[in-house]
Amino acid sequence: ILAAEQVINNCVVDEDFDIDRISIIDFTWIMIAIRSKSVSDRIELTFKDDETEEEIKGRITLDNSVLVYPEDKTDYSKIEHDGATIFLKQPGWRTFKKMISQPENSALQFEIMVDSFDKLVMGDEVYDFAEFDQNEIEEFIDGLPDTAGPHLEKFYLSSPILRHEFKYKRPSDGAERQFTIEGFDGF
């Protein structure tokens, strides 16, 4: 993770770029783009067929990876509450790193939720949650309706994911199969 961060920080030359604030989707996409342009957009694969355990070899082209959205097209990126609208965003890379290193930390659930709040719109006024202090945010969250939790869960589950599908014929029986690589861990 630290090596990937260093590569991105060394390659992105925008002075306003903050790696901790980009989403995991953006992080993965940037890493693939850097790898594709600096080494090659082709990767040789070796994996085992999940049914027969046969070793399969093949090649994928990273530039053919796509961003896949869930079938549920409902827009969960905003919550309407008490005449205000809360706009959500994907948690940043900093939060994702904590999720990896502390998967069982229940306090982290709260931090993920806080990191997902982007803007608050009340009438003509727009507020950035990054400008609120921790006490103000906690007070705000305490005032949210019970429906906010399930709504946030739907927001996370409806997030797009980076995917590459590799189609192959199994050598033993010629069955057409598919091997899917997706998400940060897969790439």
Side-chain angles (χ1 to χ4, degrees), residues 1-35 65-163 182-187:
I1 290 174
L2 292 175
E5 278 184 19
Q6 187 65 46
V7 167
I8 290 175
N9 278 321
N10 288 346
C11 293
V12 176
V13 294
D14 184 344
E15 63 186 48
D16 294 330
F17 179 75
D18 181 359
I19 197 166
D20 284 337
R21 296 192 52 82
I22 65 172
S23 71
I24 183 61
I25 298 160
D26 293 332
F27 186 94
T28 306
W29 191 264
I30 292 170
M31 279 303 299
I32 288 173
I34 290 170
R35 199 291 186 182
S65 301
V66 295
L67 203 54
V68 177
Y69 292 84
E71 291 182 21
D72 179 0
K73 301 293 185 205
T74 307
D75 181 9
Y76 294 107
S77 67
K78 58 187 175 183
I79 299 173
E80 304 286 338
H81 171 61
D82 211 18
T85 304
I86 303 162
F87 287 89
L88 303 172
K89 64 179 175 59
Q90 294 298 318
W93 176 246
R94 173 182 39 86
T95 303
F96 184 77
K97 284 189 303 189
K98 289 181 185 177
M99 287 171 34
I100 292 170
S101 65
Q102 306 168 30
E104 304 300 320
N105 184 345
S106 60
L108 189 55
Q109 301 294 331
F110 181 77
E111 190 172 337
I112 292 167
M113 181 171 53
V114 169
D115 197 26
S116 297
F117 291 150
D118 187 25
K119 305 268 190 250
L120 173 65
V121 178
M122 298 175 68
D124 292 339
E125 299 294 320
V126 178
Y127 303 95
D128 189 338
F129 276 98
E131 297 172 3
F132 296 149
D133 67 32
Q134 190 68 21
N135 290 336
E136 291 172 318
I137 292 174
E138 286 178 19
E139 200 173 295
F140 179 81
I141 289 172
D142 285 342
L144 289 175
D146 293 339
T147 57
H151 187 96
L152 280 165
E153 185 176 351
K154 288 177 183 173
F155 171 69
Y156 300 130
L157 293 174
S158 67
S159 299
I161 190 163
L162 198 57
R163 177 179 294 158
E182 63 183 18
F184 175 74
D185 292 342
F187 283 96

**OP:** Please assess Phe96 against Phe27 for the test ring-ring contact (aromatic ring centres under 6.0 Å, His included), listing each intermediate value before the final yes or no.
**Re:** CA-CA 10 Å; Phe96 184 77; Phe27 186 94; 8.2 Å; no
**OP:** If a pair satisfies salt bridge (Lys or Arg N to Asp or Glu O under 4.0 Å) and one of its residues is in residues 121-133, list it, with sequence neighbours excluded.
**Re:** Lys119-Asp128
Original post:
How about Tyr76 and Leu88: do any of their side-chain heavy atoms sit closer than 4.5 Å?
Top reply: no
Subject >> Side-chain heavy-atom pair Phe129, Ile86 within 4.5 angstrom cut-off >> reply: yes
Subject >> Straight-line distance of Tyr69 OH to Ile161 CD1, nearest 0.5 Å >> reply: 12.0 Å
Original post:
So which heavy atom on Ala84 is nearest to which on Met122, and how close?
Top reply: CB-CG, 3.6 Å
Original post:
So how far is it from Ser159 OG to Ile25 CD1, rounded to the nearest 0.5 Å?
Top reply: 5.5 Å
Original post:
How far does CD1 of Ile19 sit from CD1 of Ile30, to the nearest 0.5 angstrom?
Top reply: 7.0 Å
Original post:
To the nearest 0.5 Å, what is the distance between CZ (Arg21) and CG (Asp26)?
Top reply: 12.5 Å
**OP:** Determine whether more than 12 heavy atoms belonging to other residues, nucleotides or ligands lie under 6.0 Å from atom CD of Glu139.
**Re:** no
**OP:** Check whether more than 12 heavy atoms from other residues, nucleotides or ligands sit under 6.0 Å from atom NZ of Lys97, and answer yes or no.
**Re:** yes
Original post:
Quick one: CD1 on Ile141 to CD on Glu136, what's the gap to the nearest 0.5 Å?
Top reply: 12.0 Å
**OP:** Taking all non-hydrogen atoms of both residues into account, name the closest pair between Met31 and Ala4 and its distance.
**Re:** SD-O, 3.7 Å
**OP:** Among residues two or more places apart or on two chains, list those pairs meeting side-chain hydrogen bond (donor to acceptor under 3.5 Å, both in side chains) that have a residue in residues 7-20.
**Re:** Gln6-Asn10
Original post:
Can you find a heavy atom in the side chain of Trp93 that is under 4.5 Å from one in the side chain of Ile8?
Top reply: no
Original post:
Please, which pairs that meet side-chain hydrogen bond (donor to acceptor under 3.5 Å, both in side chains) have at least one residue in residues 141-153, sequence neighbours excluded?
Top reply: none
Original post:
For the side chain of Lys89 and the backbone of Asp115, is there at least one donor-acceptor N/O pair under 3.5 Å apart?
Top reply: yes
Subject >> Side chain proximity check, Gln90 to Ile24, heavy atoms < 4.5 angstrom >> reply: no
Subject >> Nearest heavy-atom neighbours spanning Gly183 and Thr28 >> reply: O-CG2, 4.3 Å
**OP:** Report, as yes or no, whether the 6.0 Å neighbourhood of atom CZ on Arg35 holds more than 12 heavy atoms from other residues, nucleotides or ligands.
**Re:** yes
